[in-house]
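The block underneath contains the structure these notes are about, expressed in structure tokens.
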Amino acid sequence: MSHGAFDPDDEAVPAASFAEGDEVEEIAPAPPRRSAEPAAEEEDPLAAPAYSSGQTEEPEEEDEGDGGFSDEDRLVRVWLEDGRLVKNRISPVWFTKLGPKDSLHNHFREALMMASLDRAAQERDAEQSEPAGPMEDLAALPDEVRAIFESLPFTLDTIEAVGAVAEELGQQYEAAVEAEQSAWAPRSFSGRSQGVTVTVDEWGNTSEVDFDEQWLDQAQVGSLVTHVQHAADRAHEKYVPRQPNEALESLDQEQRLLSTVLTAILNPRKDQR
């Protein structure tokens with residue numbers, strides 16, 4: 001029997017003696033002690049989880065410049081390349097922070113939407129640079145071709161003839177666009193891994209991450225991350241991009257060439273004047 005700070009062999013401590021028939025009060029065992037230090041609060045809800053293999057990883061600090069996008073509650077973080085999901089992370093405590101009508105699916109949708117909006121903004125900024133116009137196209141022509149265009153007479157008949165061709169090309173282009181729109185139908189491609197289904201839209205963008213709720217209740221975070229990525233990879237393996245409309249591309253080239261011809265007629269080089 002331990003006596004705290006005294007050695008049990010210390011003669012200064014007399015042995016307890018009990019008379020026969022004395023009642024001994026039973027002492028209930030002390031409850032287990034809680035740690036003197038409170039558990040550290042989780043600073044990063046998206047820190048990399050410890051996997052069931054027994055390996056543990058150091059928590060990753062979220063870097064706003066790492067190319068990833070999170071939902072507002074920072075339960076999910078996704079990384080995409082040209083719209084394709086290439087990496088994801090889920091908070092180990094995601095299930096403790098969902099509201100009664102909330103779901104992990106909603107947080108993935110929000111993170112994917114943030115990534116999509118950023119990509120659209122970048123593409124819009126890239127398109128703001130002015131495309132090459134008729135003068136640039138004219139300057140890029142071989143000299144012999146440009147000489148043929150500039151040799152056309154600058155007369156009313158020539159201008160009317162170019163205008164008639166331009167009008168006909170415009171009508172053909174509108175008809176081709178209407179035909180494409182009438183035949184257009186939205187498409188999507190899905191991949192599945194365990195209880196996760198990922199959907200890719202017709203443009204190749206990862207758009208949805210859905211879960212089987214019964215499976216989700218039993219899955220560990222490491223397994224979730226793994227199967228989300230497997231499902232995304234399988235969806236992209238099925239993805240087939242739309243083929244370009246060759247008729248529209250051909251008509252567009254004809255319209256551009258006609259515009260170059262008209263520019264050459266109106267802006268001949270000095271030696272052709």
Side-chain angles (χ1 to χ4, degrees), residues 44-98 102-124 126 184-244:
D44 181 8
L46 291 177
Y51 293 89
S52 56
S53 60
Q55 296 178 345
T56 57
E57 298 182 8
E58 293 296 326
E60 297 180 16
E61 292 186 3
E62 186 168 315
D63 180 7
E64 295 297 336
D66 64 359
F69 296 87
S70 299
D71 61 304
E72 184 178 359
D73 296 327
R74 301 168 72 87
L75 300 186
V76 167
R77 191 163 181 81
V78 297
W79 287 260
L80 293 92
E81 293 181 2
D82 296 327
R84 175 173 182 167
L85 181 67
V86 296
K87 179 181 176 183
N88 74 96
R89 193 187 299 165
I90 303 173
S91 167
V93 295
W94 65 268
F95 52 89
T96 67
K97 299 189 177 183
L98 295 182
D102 200 1
S103 67
L104 190 59
H105 161 82
N106 291 337
H107 290 268
F108 263 101
R109 172 182 285 181
E110 184 180 345
L112 290 170
M113 184 178 298
M114 295 300 294
S116 177
L117 290 174
D118 180 80
R119 182 184 180 191
Q122 292 185 14
E123 291 178 350
R124 184 173 60 251
W184 181 86
R187 302 183 302 167
S188 63
F189 307 84
S190 62
R192 185 174 178 84
S193 180
Q194 292 290 319
V196 185
T197 301
V198 172
T199 302
V200 172
D201 65 19
E202 63 177 324
W203 311 114
N205 302 312
T206 306
S207 57
E208 297 285 349
V209 179
D210 295 299
F211 299 93
D212 180 287
E213 293 298 329
Q214 186 174 359
W215 176 85
L216 186 61
D217 288 341
Q218 306 298 326
Q220 300 296 321
V221 172
S223 180
L224 285 176
V225 170
T226 298
H227 289 295
V228 166
Q229 192 58 56
H230 284 341
D233 293 341
R234 290 169 182 172
H236 279 281
E237 288 174 359
K238 297 178 182 178
Y239 170 65
V240 179
R242 282 189 179 274
Q243 297 301 313

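Index from 1, following the sequence. Quick note: numbers below take in every heavy atom, side chains included, and nothing from hydrogens, waters or symmetry partners.
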Closer than 3.5 angstrom, by distance alone: can the side chain of [X] be matched with the main-chain N or O of [Y] as a donor-acceptor pair?
{"X": "Ser223", "Y": "Gln220", "value": "no"}
{"X": "Thr206", "Y": "Leu85", "value": "yes"}
{"X": "Asp212", "Y": "Gln214", "value": "yes"}
{"X": "Arg89", "Y": "Ser70", "value": "no"}

Show the nearest heavy-atom pair for residues [X] and [Y], with the distance to one decimal.
{"X": "His230", "Y": "Ser193", "value": "CB-OG, 3.5 Å"}
{"X": "Gly191", "Y": "Ala235", "value": "N-CB, 3.4 Å"}
{"X": "Asp201", "Y": "Tyr239", "value": "O-CE1, 3.7 Å"}
{"X": "Leu224", "Y": "Ala219", "value": "CD2-CB, 3.9 Å"}
{"X": "Arg119", "Y": "Asn205", "value": "NH1-OD1, 2.6 Å"}

Do [X] and [Y] have side chains that approach each other closer than 4.5 Å (heavy atoms only, starting at C-beta)?
{"X": "His236", "Y": "Val198", "value": "no"}
{"X": "Leu216", "Y": "Phe95", "value": "no"}
{"X": "Val93", "Y": "Thr96", "value": "yes"}
{"X": "Val221", "Y": "Trp94", "value": "yes"}

Sequence neighbours excluded, which residues qualify as side-chain contact (heavy atoms from CB on, under 4.5 Å) partners of Phe69?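 side-chain contact (heavy atoms from CB on, under 4.5 Å) check on Phe69 returns Val78, Met114, Ala115, Asp118.
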Assess whether side-chain contact (heavy atoms from CB on, under 4.5 Å) is satisfied between Glu208 and His105, documenting all intermediate values. CA-CA 8 Å; Glu208 297 285 349; His105 161 82; 2.8 Å; yes
In sequence, state the C-alpha distance, the side-chain angles, and the governing distance for Leu104 and Val76, and then conclude on side-chain contact (heavy atoms from CB on, under 4.5 Å). CA-CA 8 Å; Leu104 190 59; Val76 167; 3.8 Å; yes
Return the CG to CG distance between Asp73 and Leu98, rounded to the nearest 0.5 Å.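 So the CG of Asp73 and the CG of Leu98 are separated by 8.5 Å.
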Please report the interatomic distance CZ(Arg77) to OG(Ser91), rounded to the nearest 0.5 Å.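 Between atom CZ of Arg77 and atom OG of Ser91 there are 13.0 Å.
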Scan for salt bridge (charged side-chain N to carboxylate O under 4.0 Å, His left out) pairs involving residues 223-244, sequence neighbours excluded, and state none if there are none.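 Output for this query lists Arg84-Asp233, Glu202-Arg242.
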So, applying side-chain contact (heavy atoms from CB on, under 4.5 Å) with Phe108, which one of Asp210, Asp71, Ile90 is it?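 Passing option: Ile90.
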For the residue pair Trp215 and His227, does the interplanar ring angle fall in the parallel (under 30°), tilted (30 to 60°) or perpendicular (over 60°) class?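 Answer is perpendicular, since the angle exceeds 60°.
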Run the side-chain contact (heavy atoms from CB on, under 4.5 Å) test on Val196 and Val209 for me, step by step, so that the C-alpha distance in whole Å, both residues' side-chain angles and the decisive distance to 0.1 Å come before the verdict. CA-CA 7 Å; Val196 185; Val209 179; 4.1 Å; yes
Run the side-chain contact (heavy atoms from CB on, under 4.5 Å) test on Leu75 and Lys97 for me, step by step, so that the C-alpha distance in whole Å, both residues' side-chain angles and the decisive distance to 0.1 Å come before the verdict. CA-CA 8 Å; Leu75 300 186; Lys97 299 189 177 183; 3.7 Å; yes
